[in-house]
Amino acid sequence: MPERDEPTGALVRPYAVTRGRTRPKLEIALEALVETTVRGRSTGTGRGGTEHQYIAAMCDGGRVQSLAEIAARMQLPLGVARVIVADMATDGLVAVYEPTSLEDESDAVGTELLERVLSGLRRL
């Protein structure tokens, strides 16, 4: 009887950590920055386990990490990392800083910034 190709623990476990959820409680951009909060430092793992501990340690002490960096360093699918980080943010263990878009800025500030950059480039 031929052996079946069954998923290994490495493929199944990340989704077991999220209890099969693929949608995060919060929408978090790929480039959003994550930082451990005071509560995250003092609470420990909470209900999350080693993944929560690892993320809390990785994003602590001024070492802010993007969601993409967290997924890559933990060797997790991006969707799984997003669910875990969103859970941690909901529990107050991490702070998530979403990137600001140029649309959020006023035209005057955006134009002023671009003019300063252009002026600096001309001086080179």
Side-chain angles (χ1 to χ4, degrees):
M1 177 151 109
E3 290 184 32
R4 295 184 311 193
D5 288 333
E6 294 184 358
T8 63
L11 295 176
V12 175
R13 190 170 190 302
Y15 291 98
V17 169
T18 64
R19 294 178 216 104
R21 291 178 299 128
T22 58
R23 301 227 185 255
K25 293 177 182 177
L26 306 168
E27 282 302 317
I28 301 174
L30 183 68
E31 65 275 13
L33 298 177
V34 180
E35 179 179 32
T36 304
T37 62
V38 173
R39 182 174 182 205
R41 281 185 221 107
S42 64
T43 302
T45 63
R47 67 175 189 255
T50 56
E51 291 79 13
H52 283 73
Q53 267 185 330
Y54 189 78
I55 292 170
M58 188 186 333
C59 301
D60 194 19
R63 294 175 291 166
V64 180
Q65 304 285 316
S66 73
L67 178 63
E69 290 172 312
I70 292 169
R73 290 179 188 218
M74 293 184 70
Q75 298 180 345
L76 287 174
L78 185 58
V80 173
R82 186 175 274 141
V83 169
I84 295 170
V85 170
D87 287 350
M88 291 179 72
T90 302
D91 292 341
L93 303 175
V94 296
V96 177
Y97 304 104
E98 291 287 343
T100 58
S101 69
L102 290 177
E103 294 172 6
D104 293 341
E105 303 290 326
S106 72
D107 286 335
V109 173
T111 303
E112 179 184 326
L113 175 62
L114 290 174
E115 287 175 359
R116 287 195 330 241
V117 169
L118 183 59
S119 175
L121 288 172
R122 285 185 181 141
R123 280 188 242 137
L124 293 175

Determine yes or no for a side-chain-to-main-chain donor-acceptor pair under 3.5 angstrom, with Glu98 supplying the side chain and Ala29 the backbone.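 Checked: pair present.
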Does [X] belong to the same Ile/Leu/Val/Met/Phe/Trp/Tyr cluster as [Y], with side-chain heavy atoms less than 4.5 Å apart forming each link?
X     : Y     : answer
Val64 : Ile28 : no
Leu67 : Tyr97 : no
Met74 : Met88 : yes

Please round to the nearest 0.5 Å and tell me the distance separating atom [atom1] of [X] and atom [atom2] of [Y].
X     : Y     : atom1 : atom2 : value
Glu35 : Asp60 : CD    : CG    : 8.5 Å
Met58 : Ile70 : CE    : CD1   : 5.5 Å
Thr36 : His52 : OG1   : NE2   : 11.5 Å

Please collect all salt bridge (charged side-chain N to carboxylate O under 4.0 Å, His left out) contacts where either partner lies in residues 62-78, sequence neighbours excluded, each pair once.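 Output for this query is empty, none listed.
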Tell me which one of Ile84, Leu78, Val83 satisfies side-chain contact (heavy atoms from CB on, under 4.5 Å) with Val80.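 So, applying the side-chain contact (heavy atoms from CB on, under 4.5 Å) to Val80 and each of Ile84, Leu78, Val83, only Ile84 qualifies.
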Indicate the atoms forming the closest heavy-atom contact of Gly92 with Arg39, along with that distance.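 Minimum heavy-atom separation between Gly92 and Arg39: O-CB, 3.6 Å.
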Shortest non-hydrogen contact between Val96 and Ala32, atoms and distance: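 Taking every non-hydrogen atom into account, CG1-CB, 3.9 Å.
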